[in-house]
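What you see is a predicted model, and the numbers here were worked out from it, not measured in a lab. Side-chain atoms are counted along with the backbone in the values below, which use heavy atoms only and exclude waters and symmetry mates. Letters A, B, ... mirror the listed sequences (proteins, then strands); counts begin at 1.
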Number of protein chains: 2
Amino acid sequence: MRRVTIKDVAKAAGVSISTVSNALNDVDVLNPETKLHVLNVVKKLNYVPDLNGKLLKSGKTKMLGFFTTSVAGPYFYTLVESMSRECDRQGYGLNVIVTKDHKVIMGNILGGRVDGVIVFEELKIDEKDIAAMERNKIKTVFLDRIVQNETMGSIIFDSYVAGYEATKYLISLGHKKIAYISGVDTMFDSVQRREGYLAALREHQFPVDENYILQGYFEEEGSYNAVKSFLHMHPGKVPDAFLAGNDLSAIGCIRALKSQGYEVPQDISVVGFDDIEIAQYFSPPLTTVRNQIARQGILVIEHLINMIHMKEQGKVQKLAGELIVRGSSHVKLDRNYKV
Amino acid sequence: MRRVTIKDVAKAAGVSISTVSNALNDVDVLNPETKLHVLNVVKKLNYVPDLNGKLLKSGKTKMLGFFTTSVAGPYFYTLVESMSRECDRQGYGLNVIVTKDHKVIMGNILGGRVDGVIVFEELKIDEKDIAAMERNKIKTVFLDRIVQNETMGSIIFDSYVAGYEATKYLISLGHKKIAYISGVDTMFDSVQRREGYLAALREHQFPVDENYILQGYFEEEGSYNAVKSFLHMHPGKVPDAFLAGNDLSAIGCIRALKSQGYEVPQDISVVGFDDIEIAQYFSPPLTTVRNQIARQGILVIEHLINMIHMKEQGKVQKLAGELIVRGSSHVKLDRNYKV
DNA sequence: CTTTACAATAAAAACGTTTTTATGATTTAT
DNA sequence: ATAAATCATAAAAACGTTTTTATTGTAAAG
């Protein structure tokens, strides 16, 4: 049984296909009776317009494409969920393409299957690809790097501000000796967070002690070792607080502190970044700076659709983090004051 | 700057468009020299075939559509991740449509934008819709209900067996007063699990007490409240064990129990379903029945693509769960026995 | 040599729409 | 009363491909 097309409807209704099209698309040029008649035939034949024929003519797919190497984990599903909802709200669909196949990626992007593109996928799309996309005026939003031109923008987290705000928060609790557990020095986020931390210290005229910057490699184990060996080597200068490069580091840090008999947060406050899922279930629950993922998703779609509608050119937006205060941080207690 | 089409390539290469098409699609009818020449021009002009023109002709989009009301939470992202990978492996793309708009859903399904459909979306698609899909021979796999005909199949978890087995496990630990924290009554899984639970009770001639069936709505908060108010209203009949409709409910349940001074698992055992990521990090680590979600994702795509390739007719597959015993369950201790 | 077969390429049809242009019948204006 | 404007609908073109059919020119067969 063949698909019912507009032709079949036209024949059955005894009109031309243009009349059927007009009736369906509410073009007010038709005799109301004709229109009604056509719509009745449409219903009787269970006709549903083929979207492919439609889009071939219009050139618009009403679909956005999200290209990524994975959708696993809380970051991604929150992002996808939020993007999807915003797409739906604006009458678009979201195409999630999970692949590492460069040919598939570029074929889909340049092949006109989507009206706009969201890219999260480190390193795979190189300068040449971006040039090709720019040439074809493919509207694009990048999530993992900064690109900006007429048809391309970026929405990234402001790790600098996050580091700065987290440090200021610790200072506001009365802490004076604040250590930072660094991640990987080649990573943008890690460096930015540290710079924010240093800026906050400088602003308050706190001395910057190089020894207070540990290397935790963004991992629980690395952080655990770094903190433990620090405590061992500098028993006289135990910090009031640790700012860990991410939540995993914070967990490692807390474990190390506990193993040496310190209480968190009574003796020492610890703050992390990311608000990973276990953060709230950890003991103590982590104070951390959360990426506003859902908000990022909405901004991405808004910006993309604005570019598609030519209401906006590509721009770079930085999203501030959100401090979630939980149990791992505490106002500094006077040493002589017994709880 | 207009899009580069096959016409432009033909003109630039001095050949017909059919020759260009043949060169691109590796039809071995062309003079090798001609082919090479054409491909060079293609490269020079940065021509990329428009997928829409292509699919209009072929009638194949090489896209599968996943229709759902949400992608949030570990179940969905694991499923989407696994389906995506399998799609990618088989040369398909996955279209994730998150919407509650019935018109959008049916328009996309019947509009031929995808070659196959995966549906997870309670209640929205009714019998009439299914009839329309069957009439149009839309290849479909349902995840939340049983449908079977030539072009439609289902892959579901055997929640009944899971509920039954989990309950039997609790009974085997010596528990007698087992409560069930229900999810949403309109959801197939929730009902099935409860039926399995009831069947196990009946099999052991345990009385079924309606008060022991709480409403947790598949959420931590809902479960927390349900358990807390139960303990408040029936202080005399505290259960030995709770079977929670999913892991989130189990967590809410344990929190509620702890807040009232009960120890898990020493005083009360708690078992959940799903084995979400935090299940193993929770304190205590959750005993739970694991859905083989990743496996389900692969089976879905396999079945769907088989139907598309006419290698298979619709079938119903039930996937058994797997009991993961962790710290939240414990053999029943005699009340007089002091640990 | 002429016919037939074949190879290589070009031309045309098709996919299902929307949109532009054309046509014929009324109505309005002069 | 005739030309112009309007209305309702039909016909045709277009979107970018693939596929089918047609047209060459050349080689093999008789």
Between Asp50(A) (CG) and dA14(C) (P), how many Å, whole number?
-> 18 Å
To the nearest Å, give me how far apart CD1 (Ile17(A)) and P (dT19(C)) are.
-> 13 Å
State whether Thr19(B) places a side-chain N or O below 4.0 Å from either non-bridging phosphate oxygen (OP1 or OP2) of dA10(C).
-> yes
Does any non-hydrogen side-chain atom of Ile308(A) lie less than 4.5 Å from one of Tyr92(A)?
-> yes
Of all the choices, dT17(D), dC15(C), dC15(D), which nucleotide is nearest to the side chain of Leu56(B) once you look at every atom?
-> dC15(C)
Against the side chain of Asn31(B), the closest entry in dA8(C), dG16(D), dT18(C) is dA8(C)
Closest-nucleotide ordering on DNA chain C, the 5'-leading residue of Ser18(B) and Lys57(B) | Ser18(B)
Any Asn25(B) side-chain nitrogen or oxygen under 4.0 Å from OP1 or OP2 of dT18(D) = yes
Answer whether the closest heavy-atom distance between the side chains of Phe66(B) and Val300(B) falls below 4.5 Å.
-> no
With heavy atoms under 4.0 Å as the rule, sort Gly111(A) into base, sugar-phosphate or nothing.
-> nothing
Phosphate OP1/OP2 of dT9(D) contacted by Thr34(A) side-chain N/O (<4.0 Å) | yes
Pick from Thr19(B), Asn22(B), Asp26(B): which one makes a side chain to side chain donor-acceptor pair (under 3.5 Å) with Lys35(B)?
-> Asp26(B)
Please report, rounded to the nearest Å, how far the C1' atom of dT9(C) is from the NE2 atom of His37(B).
-> 14 Å
For the pair made of CD in Glu33(B) and C1' in dA7(C), what is the distance, rounded to whole Å?
-> 14 Å
Could you state the CZ-C1' distance from Arg113(B) to dG16(C), rounded to the nearest angstrom?
-> 14 Å
Rounding to a whole Å, what distance do you find between Lys7(B):NZ and dC15(D):P?
-> 5 Å
Considering only heavy atoms from C-beta outward, does the side chain of Leu94(A) approach that of Val96(B) to under 4.5 Å?
-> no
Is any side-chain heavy atom of Leu30(B) less than 4.5 Å from a side-chain heavy atom of Val27(B)?
-> no
Tell me which nucleotide among dA8(D), dT17(C), dT19(D) gets nearest to the side chain of Arg3(A).
-> dT17(C)
Would you indicate, yes or no, if dT18(D) has its OP1 or OP2 atom less than 4.0 angstrom from a side-chain nitrogen or oxygen of Ser21(B)?
-> yes
Spacing between Asp26(A) atom CG and dT18(C) atom C1', to the nearest angstrom = 15 Å
What's the CD1-P distance between Ile6(A) and dA14(C), to the nearest Å?
-> 18 Å
Contact class for Val29(B) vs. all strands (heavy atom < 4.0 Å): base, sugar-phosphate, or nothing?
-> base
